[in-house]
Trainee: 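What follows is a structure written as structure tokens; I'll ask about it next.
Nothing here was measured: the structure is a model prediction, and the numbers come from that model. Atoms within each ligand, like the ligands themselves, are counted from 1 in listed order. Numbering of residues begins at 1 and proceeds along the displayed sequence.
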Amino acid sequence: MRIDILTLFPDMFKGVLDASILGRAVRNGLIEIHTHDIRDWADNKHRKADDEPFGGGAGLVMMIQPLFDCLSEVTGEDKGAKRILLTPRGKPLTTERARSFSKEERLILVCGHYEGVDERIMELIDEEISIGDYVLTGGELPAMVLIDSVARFIPGVLGCDSSTEEESFADGLLEYPQYTRPADFRGRTVPEVLLSGHAANIRIWRHEMARIKTKENRPDLFALLPPEPEKKRKNSRKKQD
Ligand code: 4FV
């Protein structure tokens, strides 16, 4: 997959896109990422890319000319590229949307700044995406969040592709509690069932815990879950015949 990022602050992406899992994915050629400084397309001698809002109001708005010419040139003839504006008024970024974006050939991400972008850019935008109901200083962090969430669905990016199946939101549930060595940390122990090796009981316990955590933290998601019968854990000790 190719990802182009249009931003006034390309340096913000250094460090994030060449570290850890994303960095490895780029090095392995699974993802190709290009950043473009919108100011390079400003056709005024002061490379100005923002101005006061028509109709008054606080703050500045990103000017249409640098953004329009940058997006047009970066898109070129590539009609297959999906052009996304990161904005608080966008559709929410969800696991399903991240999964569907991961199937695209090419994403072009437009990062707004200040109070936002001149509305006439919408002529060149296919989708508006929000990472959450709060206002940030820029679209750069949302672009990084989107790239990270999408990259995880690209085969080969994660150590084992199956891990996207067993995680929060994969089946409408928040994820179950995780534990690793040591089994006893200063008297803080691990639930017995996880040490029992009894796969079915472990599955039942994890599902129960995921439902409890979902009910506690995301009643909106819990309400969407199908009612389910109480699953009894099988007694791990073989019945002595
Ligand atoms: C945002 C969000 C966000 C708003 C004005 C950038 C800022 C400035 N983007 N999800 N929440 N963007 O707050 O995506 O342009």
Trainee: Could you check whether any side-chain heavy atom of M1 comes within less than 4.5 Å of a side-chain heavy atom of V150, counting everything from C-beta outward?
Mentor: yes
Trainee: Which heavy atom of the protein is the closest neighbour of atom 15 (O) of ligand 1, given with residue, atom name and distance?
Mentor: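 Protein heavy atom with the smallest distance to atom 15 (O) of ligand 1: H113 N, 3.2 Å.
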Trainee: So if I count the atoms of ligand 1 from 1 in the order they appear, which ones are less than 4.0 Å from some heavy atom of G112?
Mentor: 15 (O)
Trainee: Given L60, L136, L93, which one has a non-hydrogen atom that is nearest to atom 13 (O) of ligand 1?
Mentor: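 Among L60, L136, L93, the closest heavy atom to atom 13 (O) of ligand 1 belongs to L136.
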Trainee: Can you measure from CD1 (I108) to CG (D4) and round to the nearest 0.5 angstrom?
Mentor: 5.5 Å
Trainee: Mark up the atoms of ligand 1 that fall under 4.0 Å of a heavy atom belonging to G138, in ascending order.
Mentor: 6 (C)
Trainee: Would you mind reporting whether T214 and R211 have side-chain heavy atoms less than 4.5 Å apart?
Mentor: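 When only atoms from C-beta onward are counted, T214 and R211 do not touch, as no gap falls below 4.5 Å.
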Trainee: Any nitrogen or oxygen of G139, main chain or side chain, under 3.5 Å from a nitrogen or oxygen of ligand 1?
Mentor: no
Trainee: Pick one of side chain, backbone, both or neither for how P88 approaches ligand 1, counting any non-hydrogen atom pair under 4.0 Å.
Mentor: both
Trainee: Which of the numbered atoms in ligand 1 are under 4.0 angstrom from any heavy atom belonging to V135?
Mentor: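 Answer for ligand 1: 4 (C), 13 (O).
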Trainee: Going from CG on L109 to CZ on R83, what distance comes out if it is rounded to the nearest 0.5 angstrom?
Mentor: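 One gets 13.0 Å once the value is rounded to the nearest 0.5 Å.
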Trainee: Whether the T7 and E140 side chains hold a donor-acceptor pair (N or O, under 3.5 Å, no angle test) is what I'd like checked.
Mentor: yes
Trainee: Does only the side chain of I129 get under 4.0 Å from ligand 1, or the backbone, or both, or neither? Count heavy atoms.
Mentor: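 The part of I129 near ligand 1 is the backbone, not the side chain.
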Trainee: What is the ring orientation for H36 with W41, classed by angle as parallel under 30°, tilted 30 to 60°, or perpendicular over 60°?
Mentor: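 Geometry flag for W41 against H36: perpendicular rings.
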Trainee: Taking the side chain as every heavy atom from C-beta outward, state whether R97 and P92 have any atom pair closer than 4.5 Å.
Mentor: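 They are in side-chain contact.
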Trainee: Go through ligand 1 atom by atom and flag the ones less than 4.0 Å from a non-hydrogen atom of G132.
Mentor: 11 (N)
Trainee: Nearest protein heavy atom to atom 11 (N) of ligand 1, by residue and atom, and its distance?
Mentor: Y134 O, 2.9 Å
Trainee: Within the structure provided, determine whether L22 and D148 are in side-chain contact (heavy-atom separation under 4.5 Å).
Mentor: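 Yes, close enough: below the 4.5 Å cut-off.
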Trainee: Between atom CG of D126 and atom CG of L107, what is the distance when rounded to the nearest 0.5 Å?
Mentor: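 Taking CG in D126 and CG in L107, the distance rounds to 10.0 Å.
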Trainee: Using a 4.0 Å cutoff against the non-hydrogen atoms of I131, which atoms of ligand 1 qualify?
Mentor: 10 (N), 14 (O)
Trainee: For atom 14 (O) of ligand 1, what is the closest protein heavy atom, and at what distance to 0.1 Å?
Mentor: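 Looking only at protein heavy atoms, the one closest to atom 14 (O) of ligand 1 is T87 N, 3.4 Å.
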Trainee: Using a strict cut-off of 4.0 Å, indicate which atoms of ligand 1 neighbour a heavy atom of P142.
Mentor: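 The list of qualifying atoms is 1 (C), 9 (N), 14 (O).
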Trainee: Enumerate the atoms of ligand 1 whose separation from the nearest heavy atom of G116 is less than 4.0 angstrom.
Mentor: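 Near G116, the atoms of ligand 1 are 15 (O).
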Trainee: Looking only at protein heavy atoms, identify the closest one to atom 8 (C) of ligand 1 and say how far it is in Å.
Mentor: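 Of the protein heavy atoms, Y114 O, 3.1 Å lies nearest.
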Trainee: Cluster question for you: counting only ILVMFWY and a side-chain heavy-atom cut-off of under 4.5 Å, with indirect links fine, are Y114 and I125 together?
Mentor: yes
